Amino acid sequence: MITFMNNSDSEEEPCNERTSLMSAESPPVPSYQDGLQASEAGEAQAHRKRRTGSSRSPNNIADGDMSDSGVPVRESTLENEEEELTLKYGAKHVIMLFVPVTLCMIVVVATIKSVRFYTEKNGQLIYTPFSEDTPSVGQRLLNSVLNTIIMISVIVVMTVFLVLLYKYRCYKFIHGWLILSSLMLLFLFTYIYLGEVFKTYNVAMDYPTVFLIIWNFGAVGMICIHWKGPLQLQQAYLIMISALMALVFIKYLPEWSAWVILGAISIYDLMAVLCPKGPLRMLVETAQERNEPIFPALIYSSAMMWTVGMAKPDTAARGPSQQTWDAAEDGRENHRSPSHTDSQMSETRSPVPTRPITSFEELEEEERGVKLGLGDFIFYSVLVGKAAATGSGDWNTTLACFVAILIGLCLTLLLLAVFKKALPALPISITFGLVFYFSTDNLVRPFMDTLASHQLYI
Amino acid sequence: AFFWLVSLLLSSLIWFIAVKASDPQDEPLQKGLLIFGVMFSVLLQEAFRFLYYKLLRKAIEGLVALSEDGCSPISIQQMAYVAGVGFGLMSGAFSMINLLADAIGPGTVGIHGDSQLYFLTSAFMTMVLIFLHTFWGILFFHGCEHRRWWEITAVVVMHLAVSGSTFCNPLYVGSLVPSYLLMATAAVWAYLLSGGSAQNLRRFLLCKS
């Protein structure tokens, strides 16, 4: 959750220089859990309304949704089926998330290795005011810790602010905020990125062409992310903006501060999602109560998620907020998703053919995907990018961090399948990544270098 | 891959400590430490392969318990193959990737009197190691499954032999030839263990049904 919040925040501080925008990338994590959770809860409710019988979501098993069947044997087999389904889909989900995370990291590492701009030190964000150019180690450490404290507190404040906005239903404000931030990312940062890439490869370019490219890229991106668009295009755009954000972080965070911030953010993430009064947890619970999906523009969704939560007949109670969320929700759907059986949704998506209700469940099952917050992408990429940038140019370190992060993601998804509630995605991966980065850089590198110089193989 | 990485980490930790604790000027000692490091690393890798086998065993039991018809969706042989490939890929990547990165740069690799065949031999050695890890994975898991300890010891001995043969570098004939021979042996052995036979091979090659 925090992920999107942070994302929006940072872009939010729009007016000021680029640096100020960078501030609050927050720990993402819970987002996807929540997403999965909320959608499952939403599905379950809609199902209960629509038909009696087996429940889709494993959550409902406990809720006594089985009361319809009335036979304990059937209950247990169904439970078993559900669990097996969960595990099977769990494995598929892992793969579905590996690909985008890998792509994002590849983009970041490729840029870092080739474009000099992102490894040059050109100032710092106003959120990390303490410089690291100090003579003594102790002073440097102190400065980085202070930078971290400032950054984390900014993130916390922004997150709480966003949760409050959500609680008090200021949807228009949030929506405007998100639009503004994605506008900033899609246009300004892409322009800078493109400029630097052209400089690196010495490509001659004129302003009208650049204007055309950026305009098209940005406009299509805005439409894809906030409104409707093909799923793959939307995923591609989300990956690109995560990579851009990560690159900016890599450039503007001083070295030691970056590592301490990564560590601190995982801890914050853990607390924010799991503590009863944590802002992210409150956000998830509020979203679940209202049966709304959470902030569609800032979560990466690996498959068409049924916004069954939206597909409720009793729209009267929802009021005006429904409209904003409908539009936002529609943005997550694409032409190949099965139609909503809810009339309201189907009329907003005319090209989609309606299908009978019986196929509803099957389609839903196929389409059920995982959601991961964009902040997760960003921080994973920051870790790998920093490893590539500062790990003395060693590819082994980068590779080791990459494998460590993916394994962490695997474990997190496993825990998600076991616990079935919102979980932070940052802590495990970032811990593994940090451990592997420092150990590979300091221990493995001399070993492998010596081995390679003698051409020994282990 | 992750397990291989962890084993590499631990072995380099041991080597690093040993190096730091010893005299850096003493050449034979450093070489001796290096040899010790390599052997220890090989043993650790095999130990981690065994640990991974244990983990996969538990996972298969879980999957079987959960499935409807009592058999798991993935067999232990497939897991053995995948484990071997993972180990091999990681080992290969760590051996080759810095070399490849240097190869893209200016042509100064090996300028201090190293052999002209440096890149070629590195490439071949890496390839043979990747294949070997795959076959060793199959052999190892098969040995663990059927409790044939001699198979497991054979794998360990082969690994030690291959690593040891690389000490002959740059006398490449001493390292590449035995490694390839061992790879051929391991390939045939693994193929036979996985249920293949000369008949299957003939049928496959002649495209008979």
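In what follows, chains carry the letters A, B, and so on, assigned in the order in which the sequence lines appear, proteins first and then strands, with residues in each chain numbered from 1. Bear in mind that the values here come from a model prediction, so they are computed numbers and not experimental data.
Annotation: maximal heavy-atom pairing with chain A below 4.5 Å, among B:I97, B:V162, B:L100, occurs at B:I97. Ranked by heavy-atom pairs under 4.5 Å with chain A, the first of B:M90, B:H159, B:M125 is B:M125.
Remark: B:Y180 pairs with no residue by the ring pair (Phe, Tyr, Trp, His ring centres under 6.0 Å) rule, at least two apart or across chains. For B:F50, there are no ring pair (Phe, Tyr, Trp, His ring centres under 6.0 Å) partners at least two apart in sequence or on another chain.
Looking at B:M39, there are no atoms closer than 4.5 Å to chain A (heavy atoms on both sides), in backbone or side chain. Of the two parts of B:S41, only the side chain, counted from C-beta on, holds a non-hydrogen atom closer than 4.5 Å to a non-hydrogen atom of chain A.
Heavy-atom proximity under 4.5 angstrom to chain A picks out B:L129 from residues 129-158 of chain B. Of residues 186-193 of chain B, no residue lies under 4.5 Å from chain A by any heavy-atom pair.
For the pair A:F436/B:V6, a side-chain contact is recorded, criterion being any heavy-atom separation below 4.5 Å from C-beta on.
Pairing each heavy atom of B:A93 with each of A:L399, the nearest pair is CB-CD2, 3.4 Å.
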Point to revise | Worked verdict on B:F94 versus A:V444 for side-chain contact (heavy atoms from CB on, under 4.5 Å) | key: CA-CA 10 Å; B:F94 262 65; A:V444 176; 4.2 Å; yes
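Annotation: B:Y81, atom OH; neighbour count of heavy atoms from other residues, nucleotides and ligands within 6.0 Å does not exceed 12.
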